[in-house]
Amino acid sequence: GSEAASEQGQEEEVEDRLKEHMDNLLDKSAKARQAALQSLRLALSSKTLSEFLLERRLTLADSLEKCLKKGKGEEQALAGTVLTLLCLQMGSGPEGEEVFRSLKPLLVSVLTDSTASPGARQSCATALGMCCYIAAADLE
C-alpha cells in the first residue's frame, strides 16, 4: 500500500512540475519561456504522459503557438521540438490531428520565413514532417 501511495505522490509531483512549466510558457521573460520549453522537452521525451496531456493539449498548443509567433531563434526551435513530442504523445487519433491542424499554418509560416533562424526553420520542418506522418488524417 505505501509503495502505491509513494508512486502516486511522485506522479502528482511530476504533474505539478509540468503544470508549472506550462504556466511558465506564458512568462514575459524569454529566458523563462526557454527554460520551460527545455523542461517540457525533457519530460515529454522521457515519459509517456498522454493521459495528463489529453486534457491539456489545447492549452499547451496555444502556448506553443505564442512561442512560435513571438519567440525568436532558440525559443522557436524548442517550441517546434516540444510540438513534435506533443504529437507523438497524442498519437494518430483525433486529438493528435486536432493539435496538428491548429498549428500547421504557423509551422509552414516559420519554415518559409527567410528571416527566421536556421534552427527554428529546421525544427519547424521536423515538426511539420513528424506531425503530418503521425497525425494528419487528410492524405494531402
Side-chain angles (χ1 to χ4, degrees):
S2 66
E3 204 172 291
S6 170
E7 200 172 294
Q8 187 176 357
Q10 287 177 332
E11 188 89 10
E12 286 172 9
E13 197 176 302
V14 167
E15 288 183 4
D16 287 345
R17 276 200 308 266
L18 285 170
K19 288 176 193 170
E20 194 178 307
H21 298 319
M22 288 170 67
D23 288 344
N24 289 343
L25 290 179
L26 302 174
D27 201 285
K28 281 187 166 72
S29 158
K31 280 195 184 306
R33 291 191 307 269
Q34 282 184 20
L37 285 165
Q38 287 172 333
S39 297
L40 285 168
R41 181 186 68 193
L42 204 68
L44 295 178
S45 62
S46 61
K47 190 172 177 151
T48 302
L49 301 160
S50 42
E51 264 186 55
F52 171 83
L53 292 169
L54 198 57
E55 57 202 53
R56 294 169 182 83
R57 69 186 181 282
L58 299 178
T59 305
L60 182 53
D62 285 347
S63 298
L64 292 173
E65 181 179 351
K66 287 179 178 83
C67 290
L68 284 167
K69 277 183 181 173
K70 295 184 172 117
K72 299 282 180 246
E74 179 71 13
E75 184 178 346
Q76 287 178 314
L78 284 165
T81 302
V82 172
L83 175 59
T84 302
L85 293 167
L86 177 61
C87 268
L88 281 167
Q89 292 266 354
M90 290 295 93
S92 61
E95 296 85 5
E97 184 187 347
E98 181 182 28
V99 168
F100 173 60
R101 201 174 338 111
S102 70
L103 290 172
K104 180 183 169 195
L106 189 54
L107 289 172
V108 171
S109 169
V110 174
L111 177 61
T112 57
D113 179 0
S114 60
T115 62
S117 78
R121 293 174 74 186
Q122 183 268 327
S123 180
C124 287
T126 301
L128 194 60
M130 287 296 290
C131 294
C132 187
Y133 180 74
I134 294 163
D138 183 8
L139 293 177
E140 292 288 315

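These numbers come from the heavy atoms of this one structure, side chains and all, not from hydrogens, waters or symmetry mates. Residue numbers start at 1 and run along the sequence shown. Predicted model, so just to flag it, every value in this text is computed and none were measured.
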With rounding to the nearest 0.5 angstrom, report the [atom1] to [atom2] distance, [X] to [Y].
X: T81; Y: Q76; atom1: OG1; atom2: CD; answer: 11.5 Å
X: F100; Y: L107; atom1: CZ; atom2: CG; answer: 7.5 Å
X: H21; Y: R41; atom1: NE2; atom2: CZ; answer: 12.5 Å
X: C124; Y: L106; atom1: SG; atom2: CG; answer: 7.0 Å

If you look at every heavy atom in [X] and [Y], which pair is closest and at what distance?
X: S114; Y: R121; result: CA-NH1, 3.7 Å
X: A79; Y: C67; result: CB-CB, 3.9 Å
X: S46; Y: L42; result: OG-O, 2.8 Å

Note, [X] side chain near [Y] side chain (heavy atom, < 4.5 Å):
X: L25; Y: V82; answer: no
X: L54; Y: M90; answer: yes
X: S123; Y: L78; answer: no
X: L44; Y: T84; answer: no
X: K66; Y: L26; answer: yes
X: E20; Y: N24; answer: yes
X: V99; Y: L83; answer: yes

Assess, by modelled atom type and distance only, whether the side chains of E98 and S102 contain a donor and an acceptor separated by less than 3.5 Å.
no

Main-chain N/O of Q122 paired to T126 side chain as donor or acceptor, under 3.5 Å:
yes

If you measure from the Lys or Arg side-chain nitrogens to the Asp or Glu carboxylate oxygens, is any gap between R56 and E15 under 4.0 Å?
no

Does R33 come within less than 4.0 Å of E75, counting only side-chain N to carboxylate O?
yes

Should L88 and V14 be counted in the same cluster of Ile, Leu, Val, Met, Phe, Trp and Tyr side chains packed under 4.5 Å apart?
yes

Taking atom CE of M130 as the centre, report whether more than 12 heavy atoms of other residues, nucleotides or ligands fall under 6.0 Å from it.
no

Taking everything shown except K19 itself, do over 12 heavy atoms lie less than 6.0 Å from its NZ?
yes

